[in-house]
Number of protein chains: 2
Amino acid sequence: MTEVSATEIRRRGIPDATVARLPDYLRALTSMSGRGVVSTSSEALAAATGVGSAMVRKDLSFLGSHGVRGVGYDVTHLSVEIARALGLTRDWPVLIVGMGNLGRALAAYGGFAAGGFQLVALMDRDPAVVGQPVAGLVVSAMTALPALAAAPDTLGVITTPAHAAQEVCDALIAAGVTSILNFAAVTLNVPAGVDVRKVDVATELQILAFHKQQRSRAPQLAVAP
Amino acid sequence: MTEVSATEIRRRGIPDATVARLPDYLRALTSMSGRGVVSTSSEALAAATGVGSAMVRKDLSFLGSHGVRGVGYDVTHLSVEIARALGLTRDWPVLIVGMGNLGRALAAYGGFAAGGFQLVALMDRDPAVVGQPVAGLVVSAMTALPALAAAPDTLGVITTPAHAAQEVCDALIAAGVTSILNFAAVTLNVPAGVDVRKVDVATELQILAFHKQQRSRAPQLAVAP
DNA sequence: TAGATTGTTAATCGATTAACAATC
DNA sequence: TAGATTGTTAATCGATTAACAATC
């Protein structure tokens, strides 16, 4: 095994796989907190998130040493540390482009504010939609993009049809947006330095179908988690 | 390196990471086909999907040898092989529970039929919603679940609020559903043999925020892909 | 034959798991 | 002290990448 110094880990940062699980831990902790639980353990977090307890401990150890041996983790303290690590101690402006069914549903979704994400603009290309009120905001025209994405850390969400997504993506990048969540069913082409994550129902269903098919063919094997 | 026989690979099946990319390749091929492209290469597929060309070749090799050295891949033939591997040569019945904004948006989304997924039922707990027409179907009551999930390979989609999701999940499983796509912001507890995939906007935004924060702190480093 | 591109090997890298010393 | 649980190590496993022989 190769030696990895503490400095090296800090340089490389928290592993991607760990970062992807931190929101789950945070949600479990928030739920515990709401139920009045003040202290927890890697076993309890494991049960709540479906992750192994050894992995919970390893993940949390990347944030520093926030537990107490023989005792566990303080729910509030650990929540704060995870939120800090994820960058949730500030507000993040969010802008949604594409006010079709999905865009409207997302805009109406309450989960943004809870996590420190603030809807700052809703946009659409269709002049018939521009000016309409949606979720307490007024839909803006695409020409307003440079002004609306003025905040340097704006997160862009694309909910347009697939054929419009690349053009919208280019416009977002031109306006300075470098973090994009893409719901359109296309792979976006972006320059280095732009971070795109995709959410795609068709892909998820296809993966479920694949696993289901595997299980039908070899019913004695357990499903992969 | 450990020896892995061809038999062993067939037993273990296609790696999860590969399965997750197959839908991207299929989509790129479908797009090529629509543009009249009849032949392609691992380089072209790599450019279209943002995956390295070596990985494209390795992924495709798990499906068998469907390319021609020095020539490339036949677009139609490769599409068929990927669709076959994913289990898309048949129709998959899909059932959505939770007819709020998101559930309605998903029901209205056209992408289901295209991929061989067929909406067979929409359900909601609210009596005021039951009976309403949505996307050409009539919303059913939860009591109809056992009958509606009668087909053994029904894929269940949960678009309820978080607090109702576990209960709905249990009901789906009791009705025989073993493949679930969860849009609710909770970790679902399921027995072995049930496959759950989750789609969560808040988690995705938190991961984007984390990366963005990292880049602000060390702007000289490129972003992870 | 010369050029192109696959399929596969081997090396590397990153993620997971099990075990246990440290320590409350 | 006895029991519990973390934080860390080492082993294992799986995924990615680079290189290139095979072959059209």
Side-chain angles (χ1 to χ4, degrees), chain A residues 1-22 24-25 29 37-47 49-75 77-78 81-82 224-225, chain B residues 1-22 24-25 29 37-75 77-78 81-82 207 224-225:
Chain A
M1 161 142 280
T2 327
E3 285 282 331
V4 179
S5 68
T7 313
E8 184 63 9
I9 285 192
R10 228 166 288 124
R11 189 190 66 72
R12 291 214 294 239
I14 304 173
D16 282 347
T18 297
V19 171
R21 283 186 294 265
L22 291 180
D24 292 343
Y25 301 142
L29 289 165
V37 177
V38 297
S39 177
T40 189
S41 66
S42 60
E43 279 294 347
L45 281 167
T49 57
V51 169
S53 68
M55 204 184 306
V56 171
R57 292 196 296 280
K58 194 156 219 318
D59 282 340
L60 297 181
S61 75
F62 287 114
L63 312 188
S65 186
H66 301 298
V68 180
R69 288 166 203 249
V71 177
Y73 303 90
D74 179 82
V75 170
H77 178 232
L78 189 55
E81 290 302 331
I82 294 179
Chain B
M1 162 142 279
T2 327
E3 285 282 332
V4 179
S5 69
T7 313
E8 184 62 11
I9 284 193
R10 228 165 289 124
R11 190 191 64 73
R12 291 214 293 241
I14 305 175
D16 282 347
T18 296
V19 172
R21 282 186 294 265
L22 291 180
D24 291 344
Y25 301 141
L29 289 165
V37 177
V38 297
S39 177
T40 188
S41 65
S42 60
E43 280 293 348
L45 280 168
T49 57
V51 170
S53 66
M55 203 182 307
V56 172
R57 292 195 295 281
K58 194 154 219 319
D59 282 342
L60 297 181
S61 76
F62 286 113
L63 312 189
S65 186
H66 300 299
V68 179
R69 288 166 203 248
V71 176
Y73 303 91
D74 179 82
V75 170
H77 178 232
L78 189 55
E81 290 301 332
I82 294 179
I207 295 171

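Predicted model only: the values in this text are computed from it and were never measured. Just so it is clear: chains get the letters A, B, ... in the order the sequence lines come, proteins before strands, and each one is counted from 1.
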Does the side chain of [X] reach to within under 4.5 Å of the side chain of [Y], using non-hydrogen atoms?
| X | Y | answer |
| --- | --- | --- |
| A/R57 | A/S61 | no |
| B/L60 | B/L45 | yes |
| B/V38 | B/V75 | no |
| B/V68 | B/Y73 | no |
| A/L22 | A/L63 | yes |

Can you figure out which of [options] approaches the side chain of [X] most closely?
| X | options | answer |
| --- | --- | --- |
| A/S61 | D/dT8, D/dA15, D/dT6 | D/dT8 |
| A/A17 | C/dT6, D/dG7, C/dT16 | C/dT16 |
| B/K58 | D/dT16, C/dA15, C/dT17 | D/dT16 |
| A/M55 | C/dT6, D/dA15, C/dT16 | C/dT16 |

Starting from [atom2] on [N], measure out to [atom1] on [X] and report it in whole angstrom.
| X | N | atom1 | atom2 | result |
| --- | --- | --- | --- | --- |
| A/R21 | C/dT17 | CZ | C1' | 12 Å |
| A/Y25 | D/dT6 | OH | C1' | 14 Å |
| B/E43 | C/dT6 | CD | P | 8 Å |
| A/I14 | C/dG14 | CD1 | C1' | 16 Å |
| A/L45 | D/dA4 | CG | C1' | 16 Å |
| B/D59 | C/dT6 | CG | C1' | 14 Å |
| B/D74 | C/dT5 | CG | C1' | 15 Å |
| A/D16 | D/dT16 | CG | C1' | 13 Å |

query = Do you see a donor-acceptor pair shorter than 3.5 Å between the side chains of A/T49 and A/D24?
reply = no
task = Using a 3.5 Å limit on both pairing distances, list the dot-bracket string of DNA chain D from the 5' end; Watson-Crick and G-U wobble pairs count, crossing pairs take [ ], interstrand pairs take |.
result = ..||||||||||||||||||||||
key: Test log, rule side chain to side chain donor-acceptor pair (under 3.5 Å), inputs B/T18 and B/D59   = CA-CA 6 Å; B/T18 296; B/D59 282 342; 2.7 Å; yes
Phosphate oxygens OP1/OP2 of [N]: is one of them under 4.0 Å from a side-chain N or O of [X]?
| X | N | value |
| --- | --- | --- |
| A/S42 | D/dT5 | no |
| A/Y73 | D/dA4 | no |
| A/S65 | D/dG7 | yes |

message = Within this structure, what is the NE2-CD1 distance for the pair A/H66 and A/I82, rounded to the nearest 0.5 Å?
response = 9.0 Å
ask   = Roughly how far apart are B/S65 OG and B/E81 CD, rounded to 0.5 Å?
value = 10.5 Å
task = Can you see which heavy atom on B/V71 is nearest to which on B/S39, and at what distance?
result = O-OG, 4.3 Å
note = With sugar-phosphate taken as primed atoms, P, OP1 and OP2 and all else as base, the protein-contact string of nucleotides 19-24 of chain D at under 4.0 Å (heavy atoms; B, S, -) is B-BBBB
task = Just call it for B/G52: base, sugar-phosphate, or nothing, with non-hydrogen atoms closer than 4.0 Å on any strand.
result = nothing
